[in-house]
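Scroll down for the structure; my scribbles are underneath it.
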Amino acid sequence: MTMRTTLSPDIGDTRMTDAAFNTHPRAGTRIPAGGGRPWPRRRRRGLVNVLLTVAIAAVVISGIVATAVVVNNNVRAQQARLLIGVAENRIRQIYATLPQFDADMSGVVVTGMPSNAIQSQGGTDVIVTPWGGLIAAGGGATPGTGVASGNRFWIVVADLPEAACESIAQSFLNNNTVVGIQVLGDPTDTFTAMTTDAAIQAFDTPAEIQAGCDGGTDDRVGIVYRS
């Protein structure tokens, strides 16, 4: 006798539901609607690595640019100091046999300066720093105010960035040919006279230099030399 087995009508349909089909067998990864394949984990990790690499590269590039700016300003400050030295030596050579320094010596000094430090402004050649600020020279003990003098002359460097202002000013603190040095950060301020050897003890201190070099682009350094 052959036995025949029939399914009870209570037993539910054993086919997989849509929800079952929409769940990837790997760790609950969802298949996109429409039946597309999910991104493999390896591909997702690769995208994250690319984004991290781009972010790190951006930080590195920013650091390189910032370093380049600092290096460039340091080089320019060194060039400015060299120009000041050339101007000083030029004045001493020209006036070595003359009884006194002229009130305005910028026109005399410009003839001995490097060509890249000379600009024509209003038909007159002037001496400029690597930043384009003026370098002026004159006789007397008050920077920026020229008078004929038998024992003093000055050089003023204008429109310096803060860091360059500080480094240039401080480089003259221990110069035995310098009577005094002053820093002005406000364009309305004026230099004061430095007329005696005692002014050597009245130099702007490093703290005063730092305060005077106030971070603008109009900082000025005035240097007074003895003959």
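Side chains included, hydrogens not; waters and symmetry mates left out as well; all remaining heavy atoms used. Start at 1 with the first residue, then count along the sequence.
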- Message: Before you tell me yes or no, could you show the steps for Glu88 and Thr177 under side chain to side chain contact (heavy atoms under 4.5 Å, CB included), namely the whole-Å CA-CA distance, both residues' side-chain angles and the distance that decides it to 0.1 Å?
- Response: CA-CA 10 Å; Glu88 177 196 355; Thr177 66; 3.5 Å; yes
- Query: Can you tell me how far the CD atom of Gln210 sits from the CD atom of Gln170, to the nearest 0.5 Å?
  - Reply: 8.0 Å
- Task: Give the minimum heavy-atom separation between Ala77 and Ala164, together with the two atoms involved.
- Result: CB-CB, 4.2 Å
- Side-chain heavy atoms of Ile135 within contact of Val128, under 4.5 Å: no
- Message: If I compare all heavy atoms of Asp218 with all of Gly185, which pair ends up nearest, and what's the gap?
- Response: OD1-O, 3.2 Å
- Query: Side chains of Thr111 and Arg90: does their closest heavy-atom pair fall under 4.5 Å?
  - Reply: yes
- Leu134/Gln121 under side chain to side chain contact (heavy atoms under 4.5 Å, CB included): CA gap, chis, key distance, verdict: CA-CA 11 Å; Leu134 290 177; Gln121 296 186 3; 3.9 Å; yes
- Message: For a 4.5 angstrom cut-off between non-hydrogen side-chain atoms, does Arg76 reach Thr129?
- Response: no
- Side-chain H-bond candidate by donor/acceptor type, Thr142 with Arg152, under 3.5 Å: no
- Item | Nearest heavy-atom neighbours spanning Ser106 and Ile127 | O-CD1, 4.3 Å
- Roughly how far, to the nearest 0.5 Å, is the CD1 atom of Ile168 from the CG atom of Leu160? 4.5 Å
- Task: Answer yes if Ile91 and Val178 sit in the same cluster of Ile, Leu, Val, Met, Phe, Trp and Tyr residues linked by side chain heavy atoms under 4.5 Å apart, and no otherwise.
- Result: yes
- Note on the structure: Shortest non-hydrogen pair, Arg220 vs Asp189, comes out as NH2-O, 2.8 Å
- Message: Using side chain to side chain contact (heavy atoms under 4.5 Å, CB included), reason through Val147 and Phe101 one step at a time and then give a plain yes or no.
- Response: CA-CA 8 Å; Val147 295; Phe101 300 107; over 6 Å; no
- Message: Distance check, rounded to the nearest 0.5 Å: Tyr95 atom OH versus Met105 atom CE?
- Response: 5.5 Å
- Query: At their closest point, which heavy atom of Val183 faces which heavy atom of Cys213, and how far apart are they?
  - Reply: CG1-SG, 3.5 Å
- For Gln79, look at atom CD and say whether over 12 heavy atoms of other residues, nucleotides or ligands are found less than 6.0 Å away. yes
- Does some side-chain heavy atom of Val126 sit less than 4.5 Å from a side-chain heavy atom of Val110? no
- Item | Heavy-atom side-chain proximity of Val224 to Phe153 below 4.5 angstrom | no
- Are Val108 and Val86 grouped together when hydrophobic residues (ILVMFWY) are joined by side-chain heavy atoms under 4.5 angstrom apart? yes
- Item | Short side-chain to backbone donor-acceptor contact, Asp186 and Thr188, under 3.5 Å | yes
- From Cys165 atom SG to Ile209 atom CD1, the distance as rounded to the nearest 0.5 Å: 8.0 Å
- Item | From CA spacing to verdict: side chain to side chain contact (heavy atoms under 4.5 Å, CB included), Ile84, Val157 | CA-CA 8 Å; Ile84 295 170; Val157 188; 3.4 Å; yes
- Note on the structure: For Gly150 and Ser227 the tightest heavy-atom approach is O-OG, 3.9 Å
- Query: Side-chain donor-acceptor pair under 3.5 Å between Asn175 and Tyr225, yes or no?
  - Reply: no
- Note on the structure: Between the CZ atom in Phe172 and the CD1 atom in Ile181, the distance rounded to the nearest 0.5 Å is 6.5 Å
- Task: Using a 4.5 Å cut-off on heavy atoms from C-beta on, say whether the side chain of Trp131 contacts that of Pro161.
- Result: yes
- Message: Less than 3.5 Å apart, any donor N or O on the side chain of Arg81 or Gln78 sitting next to an acceptor on the other?
- Response: yes
- ILVMFWY network linking Ile118 to Val109, side-chain heavy atoms under 4.5 angstrom: yes
- Query: When you measure from the side chain of Gln119 to the backbone N and O of Gly132, does any donor-acceptor pair fall under 3.5 Å?
  - Reply: no
- Between the CD atom in Glu162 and the CG atom in Asp219, the distance rounded to the nearest 0.5 Å is 7.0 Å
